[in-house]
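Data first, discussion second: the structure below is written as structure tokens.
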Amino acid sequence: MKPRIAQSHLTRVYERIERPLVPVVAQMETTGVRIDPEILRGQSNTLAQRMQKLETEIHALAGHPFNVGSTQQLGAVLFSEMGLPGGSKGKNGHYSTASDVLEPLAEQGHEIVSKVLDWRSVSKLKSTYTDALPQQISQKTGRVHTSFSLVGAATGRLSSTDPNLQNIPIRTEDGRAIRQAFVAEDGFTLLSVDYSQIEMRLAASVAGVEALIEGFREGLDIHALTASQVFGIPLKELPADKRRAAKAINFGIIYGISGFGLSKQIGISPGEANAFIRDYLDRFHELRDWMEATKEFAREHGYVETLFGRRIHITGIKEKNAARRAFAERQSINAPLQGTAADIMKRAMIRVGPALKDAKLNARLLLQVHDELVFEVPKKEIDATVEIVKNVMEGASAPAVTLRVPLVAEAKHAANWAEAH
DNA sequence: TCTCCATACC
DNA sequence: CAGGTATGGAGAC
């Protein structure tokens with residue numbers, strides 16, 4: 001492989017990032033994370049009762065029992081039997097029961113639909129997390145040992161399997177409660193340190209968006225700043241819905257925006273969404289230039305690169321089919337941002353162990369969740385550890401790459417992962 | 001065993 | 001028809 005790596009100019013990425021990361025990740029897998037099975041068993045019981053009650057109510061509203069977990073049976077009940085509006089059959093001849101189909105129906109007051117959505121979320125939490133995680137506790141160590149893949153994601157991100165510890169719930173209150181079961185060993189505390197808006201900072205930096213660079217340097221609320229500049233409203237008069245819209249556009253930019261996608265995300269028409277995007281790219285015109293240049297690079301080379309030289313191959317960029325070509329173009333925009341963030345995080349992971357050792361600190365790195373590192377830290381060492389981890393993460397792009405914006409890492413610690421995030 | 005659907009995360 | 005992933009259940013084979 002070595003000559004092929006050299007020919008592709010990937011020697012530095014391989015020798016300075018991927019290879020030294022291997023022992024770091026191996027140590028994380030070996031160490032594992034402590035999970036309290038009693039907490040999860042208690043939650044499983046509560047969730048089972050709620051599922052049972054919802055199921056009974058759903059069957060009563062439907063007029064007969066059926067398998068709520070079967071999308072086929074559910075579609076037949078809601079759209080054929082009960083005649084709810086909006087049912088459309090896909091290519092498999094079945095009705096879609098996806099959440100974006102069911103949510104409007106729930107809002108219109110169709111009680112059975114809101115109960116189905118509740119049932120689904122409870123069912124997901126129970127089967128995937130509260131039931132499954134206790135079974136993954138090692139007899140030998142009493143801890144859960146995930147497996148991280150360094151080649152799982154095309155952009156250079158890690159992935160996590162058996163179990164996936166990178167998708168533990170946090171969004172909803174019930175989901176977040178699962179993190180209470182992720183606990184520190186006695187005498188230790190859990191420390192979570194995450195990058196603040198790293199991909200947006202990278203977009204501002206690589207595209208050279210002067211207004212955003214200035215905003216990040218001054219530590220401003222970047223979504224509010226975006227809204228203020230795009231909609232022409234003074235910062236202190238900004239309504240919450242404008243900030244929300246601006247935040248959605250900022251995310252859209254990172255994903256390689258489409259008017260259709262943005263419209264679906266924030267519930268406006270594609271025409272309005274396109275107007276938003278046009279105004280945004282007029283105001284931050286450097287971003288438009290960068291996006292065009294990046295797509296052109298992908299067309300010419302068939303790949304795009306991160307700031308550290310990692311390549312992400314893009315197929316379909318010259319497709320005649322417009323939808324497939326547009327997909328490849330969005331990948332070309334997203335991959336350098338997501339991939340550079342992944343590179344920076346990997347550099348931080350490689351450096352943090354030696355930095356802690358030099359300071360005679362005994363924290364153990366347990367998990368990486370893309371922009372977050374989770375450590376188990378001896379209680380007495382927490383302040384010194386936070387200081388070192390933050391510094392390593394905030395400095396991880398240097399000296400190989402000089403960014404035009406600061407990287408900011410935020411730390412929180414507690415006895416469990418729910419409180420520490 | 002495989003695909004599809006739905007849904008969990010960043 | 002917004003970028004990147006993993007998992008569980010249903011249902012087909």
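Lettering follows sequence order; numbering is per chain, from 1.
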Is the aromatic ring of Tyr255(A) within stacking range of dA2(C), meaning centres under 5.5 angstrom and planes under 30 degrees?
-> no
Measure the distance from CG on Leu165(A) to C1' on dC9(B) and round it to the nearest whole Å.
-> 11 Å
Please give, in whole Å, the distance from dA8(B) P to Asp174(A) CG?
-> 11 Å
Output the single nucleotide from dT7(B), dA8(B), dG4(C) whose closest atom is nearest the side chain of Gln331(A).
-> dG4(C)
Does OP1 or OP2 of dA6(B) have a side-chain N or O of Thr97(A) closer than 4.0 Å?
-> yes
Which one, dA6(B), dA10(C), dC10(B), comes nearest to the side chain of Lys124(A)?
-> dA6(B)
Considering only side-chain heavy atoms of Arg120(A), which listed nucleotide, dA6(B), dC10(B), dG8(C), is closest?
-> dA6(B)
Looking at Ile17(A) and Ile350(A), what are the two nearest heavy atoms and their distance?
-> O-CD1, 3.4 Å
CZ/Arg12(A): more than 12 non-hydrogen atoms of other groups inside 6.0 Å = no
Residues His110(A), Ser114(A); criterion side-chain hydrogen bond (donor to acceptor under 3.5 Å, both in side chains); working and verdict | CA-CA 7 Å; His110(A) 295 288; Ser114(A) 28; over 6 Å; no
Return the value, rounded to whole Å, for the distance between atom CZ of Phe66(A) and atom C1' of dG11(C).
-> 17 Å
Between dC5(B), dC1(C), dG4(C), which nucleotide gets closest to the side-chain atoms of Arg157(A)?
-> dG4(C)
Given dA2(C), dA6(B), dT7(C), the nucleotide with the shortest approach to the side chain of Thr128(A) = dT7(C)
If only side-chain N and O atoms of Gln72(A) are considered, is one of them under 4.0 Å from the OP1 or OP2 phosphate oxygen of dC4(B)?
-> no
Rounded interatomic separation in angstrom, taking CD from Gln265(A) and C1' from dG3(C) | 12 Å
Could you please name the option among dG11(C), dC5(B), dC10(B) that lies closest to any side-chain atom of His421(A)?
-> dC10(B)
When you get a sec, tell me which of dC10(B), dT5(C), dA6(C) is the closest nucleotide to the side chain of Asn164(A)?
-> dA6(C)
Within the pair Arg330(A) and dC1(C), is there a side-chain N or O less than 4.0 Å away from OP1 or OP2?
-> no
Could you check how far NE2 of His94(A) sits from P of dA12(C), rounded to whole Å?
-> 7 Å
To the nearest 0.5 Å, atom CG of Leu373(A) lies from atom CE of Met393(A) at 4.5 Å
Of the listed nucleotides dA6(B), dA8(B), dA10(C), the one nearest the side chain of Pro169(A) = dA8(B)
Candidates dC5(B), dC1(C), dC9(B) - which lies nearest the side chain of Ile170(A) | dC9(B)
Quick one: which of dT7(B), dA10(C), dA8(B) gets closest to the side chain of Ser121(A)?
-> dA8(B)
Can you tell me if CD on Glu218(A) sees more than 12 non-hydrogen neighbours from other groups inside 6.0 Å?
-> yes
Interatomic distance where CG belongs to Leu102(A) and P belongs to dA6(B) [whole Å] = 8 Å
